[in-house]
Amino acid sequence: MTQTIQQQLIHHIKQAVKTLFDGDLPEGQITLQETRKEFEGQLTAVIFPITRFSRKSPEATGEAIGQYLMQHLPEITSFNTIKGFLNISLSDTYWATLFTTHISAEGFGRLPSNGRKLLVEYSSPNTNKPLHLGHIRNNLLGYSVAEILKASGYEVTKANLVNDRGIHICKSMLAWQRWGNGETPEGSGMKGDHLVGKYYVLFDQAYKKEIDALKAAGQSEEEAKKNAPLIRDAQELLRRWEAGDPEVITLWKTMNGWVYQGFEETYQRLGVDFDQYYYESDTYLLGKDLIKEGLDKGVFYRKEDQSVWIDLTADGLDEKLVLRGDGTSVYITQDLGTAQLKYDDFGVDESIYVVGNEQDYHFKVLFLILKKLGKSWADGLFHLSYGMVDLPSGKMKSREGTVVDADDLMDEMEDTARKRTEELGKTEGLAATEKAHLYHIIGMGALKYFLLKVEPKKRLLFDPNESIDFQGHTGPFIQYTHARIKSVLTKGDYGSQSIIELLTVLAPAERDLIQLLGNYPAVIESAAREFSPAQLANYIYDVAKQYNKFYHEESILKAEDGNVRDFRMNLSAATARVIADGMKLLGIEVPERM
RNA sequence: GCGCCAAUAGCUCAGCUGGAUAGAGCAACGGUUUUCUAAACCGUCGGUCUCAGGUUCGAAUCCUGAUUGGCGUACCA
């Protein structure tokens, strides 16, 4: 199939306008959409734009175009015109052929390589506290976007830029030195990231007390924050770290090691992975040569105190500091450097940053600066900005303990999955390990789908008191559909049938399902272009829903005709493949039974 | 103050580059199982698409201006 029916229709409509009305209508102005359920047909051409050529009523114009198309495309069996809409019916043979030659063919849904390289940076955690629900959204988005881009033909590298240095980790280190009594993950049985997070919270509590005491002694809030002994000690620790003090470095390595072990566990459970790790302790000094480059090019300028700036007021932004007066880096200095590093390492055409929308301004500035520095690759940079995950009480704050912990949440999801499954009692005969795996798949499916079905840009509300659903528009609904198909195929001994004849008559639910399945490659393409797993998630739901309708209306194994039976098994198998494949791109597994 | 983003059913969300009477799920109510897994299917109820202008044959969608909410505007990251 070199040309889709959609492309053929558009082509012939253009020809029709030319032949019938002597008009030249650009193909881009012809809109083709799927026919709404309440009308007859599968594809609909909007003919309002054509009336300016035909100088006839929309109905008469549609009628004329319809006649022309009927004569030129044998796939069309009938058409009707309602208002300005030309509804076109294609033959069941066309849909059956589309299915056998295309949808059920090998590699359906994988677009050919486009020869482009792309890097997705996501996760990028701080090493002073465990991951929470907000990080989960980030991780799932990053992973899924990377997988979708792979499926659409990119060569993708997944990167994680770990923020392993700075004042935050020094706070945890200091608190552990003071009050830790040598506590270790092994000794306490606590997961490493949680252990370090515990000391981060301890620091913060003690720090707050000191601030209050200083304020009571007459200092202003600002002064108190600066003068509290704890923060001064933490800063001293940071200075010693930067100076390479062996004692500090050893402690830093130890505690980060604990955190990494904890993160690794969480990542594994979450099902995300990375091809490349970057550590800020390696990269935080980068970017200074770019500053020099910018100064030489006159993009930056130096103030009297030796600090370096860029004036972006002409672009509607502000003046921005890019290097401190003492010559040390700020956040954006490093990011300039790591952008260059990533490009040098991988030579990618595009580079995606999965980072929350609180940093919209930062990335706007970053990309603009790189463009002004004349970096050819700056146009390929994209900030995939996503909304925060909020609780009904407002924003999650790790220091105040109002966070939904990632590990706890996964525990809960798996536990709920177990309860639900046990209630339904369909897992007899499964070994204990198989059951545990199933609960994991279902619990994570519910959680992941819940987070991914929402458009990244939108903020997400999570109510811990309302458990995530397992029915309706959910991950388990889709997983269930897959399991049920597998069950039918097993019972029907799928795979043993001989090559089937082409059907010429389809049930409406079959035809609708085929049409929907046919959209899969276009959905992947669109989800990739817009970096939106949500588009794919919603599509898979539509597929599952449409399959369930078909399943309910038509008998598969007990079909009156053997050929029909085999066709329906093939259709079911293809549906299962699309569901499994699409879910895989979302990072969600589907079970064989549930 | 200035900038960015969002606003669609009681709740959570779809709605592709403007196209028909704005769709799902949850919640509520009713129906479907001697038939391939009822985590399903079918139906009922539920909408001034925040508001006001504008562009258009046609606006939830585009433009302008308000309102509400979130975020940012650091020699923090």
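Letters go in sequence order (proteins before strands), and every chain restarts at 1. What's counted below: heavy atoms across the whole structure, side chains too, no hydrogens, waters or symmetry copies.
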Going by heavy atoms in the side chains, are A/Y386 and A/N357 under 4.5 Å from each other?
no
For B/A40, the Watson-Crick or wobble counterpart (both distances under 3.5 Å):
B/U32
Could you tell me whether the side chains of A/T127 and A/N256 share a donor-acceptor contact shorter than 3.5 Å?
yes
What is the separation between atom CZ on A/F477 and atom C1' on B/C26, rounded to the nearest whole Å?
14 Å
At less than 4.0 Å, is any side-chain N or O atom of A/R36 found next to OP1 or OP2 of B/G15? Yes or no.
no
Return no unless some side-chain N or O of A/K453 is found under 4.0 Å from OP1 or OP2 of B/U12.
no
Ring center gap for A/Y331 and A/H362 short of 6.0 angstrom:
yes
Answer yes or no: does a side-chain N or O of A/K83 lie under 4.0 Å from OP1 or OP2 of B/U21?
yes
Does the separation of the ring centres of A/F477 and A/F470 fall below 6.0 angstrom?
no
Using the P atom as the reference point in each nucleotide, state the distance between B/C51 and B/A24 in Å, no decimals.
23 Å
To the nearest angstrom, how far is A/E455 atom CD from B/C16 atom P?
10 Å
B/A9 and B/U61: how far apart are their P atoms, nearest whole angstrom?
15 Å
Please name the nucleotide paired to B/G58 by Watson-Crick or G-U wobble geometry with both distances under 3.5 Å, or report none.
none
Is A/R324 close enough to B/A74 that one of its side-chain N or O atoms is under 4.0 Å from OP1 or OP2 there?
no
At under 4.0 Å between heavy atoms, what does A/V46 touch on the DNA or RNA strands: base, sugar-phosphate, or nothing?
base
Taking atom C1' in both B/C41 and B/C49, what distance in whole Å separates the two?
30 Å
Considering only the P atoms, how many Å lie between B/G23 and B/G15, rounded to the nearest integer?
15 Å
Could you tell me the separation between the CE atom of A/M594 and the C1' atom of B/A38, rounded to a whole number of Å?
13 Å
Give A/T328 one of three labels, base, sugar-phosphate or nothing, depending on what nucleic acid heavy atoms sit under 4.0 Å from its own.
nothing
To the nearest Å, give me how far apart CD1 (A/I478) and P (B/A24) are.
16 Å
Please report the distance, rounded to the nearest Å, between CD in A/E319 and P in B/C2.
20 Å
Quick one: A/I332 CD1 to B/A74 P, roughly how many Å, whole number?
12 Å
Base, sugar-phosphate, or nothing: which does A/S307 touch, judged by heavy atoms less than 4.0 Å apart?
base
Phosphate-side-chain proximity, A/K320 and B/U73, N/O vs OP1/OP2 below 4.0 Å:
no
Would you check if there is a donor-acceptor pair between the side chains of A/Y361 and A/D318 at a distance under 3.5 Å?
yes
Sub-4.5 Å side-chain heavy-atom contact between A/L133 and A/F462:
yes
Would you tell me if any nitrogen or oxygen in the side chain of A/K458 comes within less than 4.0 Å of OP1 or OP2 on B/A14?
yes
CG of A/L32 versus P of B/U17: gap in Å, rounded?
16 Å
Side-chain heavy atoms of A/F79 within contact of A/N87, under 4.5 Å
no
Nearest to the side chain of A/L557, which nucleotide is it out of B/C26, B/G23, B/C36?
B/C36
Could you tell me how far B/C13 sits from B/A74 if I compare only their C1' atoms? Round to whole Å.
36 Å
Would you mind classifying the nucleic acid contact of A/P456 as base, sugar-phosphate or nothing, using non-hydrogen atoms under 4.0 angstrom?
nothing
For atom P, what is the distance between B/G54 and B/C11, given to the nearest Å?
31 Å
Euclidean distance, atom CZ of residue A/R459 to atom C1' of B/C71 [Å, nearest integer]
11 Å
Taking pairing as Watson-Crick or G-U wobble with both contacts under 3.5 Å, can you name the mate of B/C26, or confirm there isn't one?
B/G10
